[in-house]
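The sequence lines fix the lettering, A, B, ..., with proteins before strands; numbering per chain opens at 1. Quick caveat: nothing in here was measured; it's all calculated off a predicted structure.
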2 protein chains.
Amino acid sequence: MAKTNQKWHERFRDRGLRFTQPRRVILDVLDNTADHLSAEEIYMRVHKKYPNIGLTTVYRNLITLERMGIVTKFHFGDGCHRFELIENKKKPDHHHHLVCTGCKRIIDYDDFMDEEIEYIKKVESALSRKHSFNITDHVIQFYGLCKKCKAA
Amino acid sequence: MAKTNQKWHERFRDRGLRFTQPRRVILDVLDNTADHLSAEEIYMRVHKKYPNIGLTTVYRNLITLERMGIVTKFHFGDGCHRFELIENKKKPDHHHHLVCTGCKRIIDYDDFMDEEIEYIKKVESALSRKHSFNITDHVIQFYGLCKKCKAA
DNA sequence: TTAATAATGATAACCGGTAGCAATTAGTAA
DNA sequence: TTACTAATTGCTACCGGTTATCATTATTAA
């Protein structure tokens, strides 16, 4: 329940885009999950309530939402992209995940958050200067096996 | 020129695998580049000198080489996997890259290396304990635009 | 209400990567 | 050296995720 439809509507209008039913529904799905859903998974949830909305439309709108800065796209090495509503995250633009390579479960961790952000900032500014880069994003991911998958 | 063919040959034999021409050639390509090549790119270089070696063989052997711990596979978000000979890296099992989202250039940086490794270790052990994970790997990547792509 | 045009949905295509399978070949044992 | 045999290769067809095409539909400014 991060943003009312009215708010979303404005964000689209401000860019000269339309606030269509598919967009409303996709945002609703993203706003009502804690998971990192793939396009296919989002489509399935959308499809359950609105069977008339097509897969292509979901893909297209995820791109649009990413461009609008509403959604972030990740790749965790399982062969598909996964999406997260930016408004749902505790700290914007800081993406760190713990990924189980067995069951593909993804955990957003927040240990050492402040320390990590500070470290990232330092490296970012050093790298920007040294390599003349305009750094816009970063990713920290740990891979391993969760308790269940270790046992299995 | 990291390893002589004899050395590679032993590593394959020790696992009951054969040291074939395609494997020799693929390793040679990987050993003679500083870039992070995709399977397709490796295939093209292989193909130039040995047109009889097929694309499938390249894919298959990259998997084999990864299993053997000779090669590391990365994904930088450009839709394909990229490979690096482990022997060529300064510090094994520590992967940090600066990626230009414009021209896809990838820079291996080594600033704050020791500090970063120490920090990673700390987070890793904390996350392992807290989430009962068996952490085997991690990735740190910065994304942005390089000097050229900024201007363009 | 209507005109203009952004957005949609169905289909086909694309692209990186993989499976199946007959033919070949590296490495061992005679 | 030769013969054997399983590992490996190279086709081809196929797969799953994603994107292009294009005629149709629907949002929104006037």
Side-chain angles (χ1 to χ4, degrees), chain A residues 5-6 8-27 29 36-68 70-71 73-83 104, chain B residues 5-6 8-27 29 36-68 70-71 73-83 104:
Chain A
N5 274 349
Q6 188 52 41
W8 290 128
H9 200 172
E10 280 166 22
R11 271 186 92 164
F12 281 95
R13 195 183 44 218
D14 292 351
R15 291 198 167 221
L17 301 175
R18 295 173 180 175
F19 192 47
T20 62
Q21 188 199 49
R23 285 174 182 169
R24 212 185 322 254
V25 177
I26 290 166
L27 281 168
V29 166
H36 302 73
L37 302 177
S38 67
E40 197 91 24
E41 286 165 352
I42 293 166
Y43 167 68
M44 289 193 300
R45 297 194 185 194
V46 164
H47 187 78
K48 221 174 272 175
K49 286 208 152 190
Y50 300 84
N52 51 312
I53 295 176
L55 178 58
T56 312
T57 298
V58 172
Y59 272 107
R60 254 186 315 227
N61 280 317
L62 287 170
I63 294 168
T64 302
L65 291 172
E66 199 202 355
R67 280 214 197 96
M68 292 174 72
I70 290 174
V71 146
K73 180 169 72 176
F74 295 98
H75 43 94
F76 296 111
D78 63 342
C80 65
H81 291 117
R82 298 188 168 274
F83 300 85
K104 313 299 179 193
Chain B
N5 274 347
Q6 189 51 42
W8 290 128
H9 200 213
E10 281 166 21
R11 271 184 93 164
F12 281 95
R13 195 183 43 217
D14 292 350
R15 290 197 167 223
L17 301 176
R18 296 174 179 175
F19 192 48
T20 61
Q21 190 201 48
R23 286 175 181 170
R24 212 185 321 254
V25 176
I26 290 166
L27 282 168
V29 166
H36 303 72
L37 302 178
S38 69
E40 198 90 25
E41 287 165 351
I42 293 167
Y43 168 68
M44 288 193 300
R45 297 194 186 194
V46 164
H47 188 78
K48 219 174 274 175
K49 286 207 151 190
Y50 299 84
N52 51 311
I53 295 175
L55 178 58
T56 311
T57 299
V58 171
Y59 273 109
R60 254 187 314 230
N61 280 317
L62 287 170
I63 294 169
T64 303
L65 291 172
E66 199 201 357
R67 281 217 196 94
M68 292 174 72
I70 290 174
V71 147
K73 180 169 73 177
F74 297 98
H75 43 95
F76 296 110
D78 63 341
C80 65
H81 290 116
R82 297 187 168 274
F83 299 85
K104 313 299 179 193

### Over all atoms of both residues, closest heavy-atom pair of A:Glu41 and A:Leu37
OE1-CA, 3.2 Å
### Message
If you assign A:Phe12 and B:Arg82 each to the DNA chain C nucleotide with the nearest heavy atom, which residue ends up on the more 5' nucleotide?
### Response
A:Phe12
### Task
Using whole Å, report how far CZ of B:Arg23 lies from C1' of C:dT24.
14 Å
#### Entry: A:Asp78 CG - D:dT18 P separation (whole Å)
9 Å
### Message
Please verify the inter-ring angle class for B:His47 with B:Tyr43; under 30° counts as parallel, over 60° as perpendicular, anything in between as tilted.
### Response
tilted
### Query
How close or far is atom C1' of D:dG17 from atom CD of A:Glu41, stated in whole angstroms?
13 Å
### Steps toward side-chain contact (heavy atoms from CB on, under 4.5 Å) verdict (B:Thr20, B:Thr57)
CA-CA 11 Å; B:Thr20 61; B:Thr57 299; over 6 Å; no
### Task
Nearest whole angstrom, please: distance from the P of C:dA7 to the OH of A:Tyr50.
20 Å
At a cut-off of 3.5 Å, list every protein nitrogen or oxygen paired with a nitrogen or oxygen from nucleotides 25-28 of chain D, distance to 0.1 Å.
{"residue": "D:dT27", "atom": "O2", "partner": "A:Arg18", "partner atom": "NE", "Å": "3.3"}
{"residue": "D:dT27", "atom": "O2", "partner": "A:Arg18", "partner atom": "NH1", "Å": "3.1"}
{"residue": "D:dT27", "atom": "O2", "partner": "A:Arg18", "partner atom": "NH2", "Å": "3.0"}
{"residue": "D:dT28", "atom": "OP1", "partner": "A:His9", "partner atom": "NE2", "Å": "3.1"}
{"residue": "D:dT28", "atom": "OP1", "partner": "A:Phe19", "partner atom": "N", "Å": "3.0"}

### Query
Using a heavy-atom distance cut-off of less than 4.0 Å, which residues of residues 53-67 of chain B contact DNA chain C?
B:Thr56, B:Tyr59, B:Arg60, B:Ile63
### Message
In whole Å, I'd like the distance from the CG atom of A:Asn52 to the P atom of C:dA7.
### Response
18 Å
### Message
I'd like to check B:Val29 versus B:Ile26 (side-chain heavy atoms, cut-off strictly below 4.5 Å). Are they in contact?
### Response
no
#### Entry: Whole-Å gap separating C1' (C:dG27) and CG (B:Asp14)
14 Å
### Query
Under 3.5 Å, side chain of A:Arg24 to main-chain N/O of A:Asn5, donor-acceptor pair present?
no
#### Entry: Atom pair distance, as rounded to whole Å: NZ in A:Lys73 and P in D:dT18
8 Å
### Task
Considering just the side-chain nitrogens and oxygens of A:His81, establish if one lies under 4.0 Å of OP1 or OP2 belonging to D:dT18.
yes
### Task
If the plane angle is over 60° it's perpendicular, under 30° parallel, otherwise tilted; pick one for A:Phe12 and A:Phe19.
tilted
### Query
Where is the tightest heavy-atom contact between B:His75 and A:His75, given as atom of each residue plus distance?
ND1-ND1, 3.0 Å
### Rounded distance in Å - NE2 (B:His75) to P (C:dG17)
12 Å
### Message
Can you give me the closest heavy-atom contact between A:Ile53 and A:Pro22, atom names plus distance?
### Response
CD1-CA, 3.7 Å
### Task
Determine the minimum heavy-atom distance between A:Ala39 and A:Val58, stating which atoms define it.
O-CG1, 3.8 Å
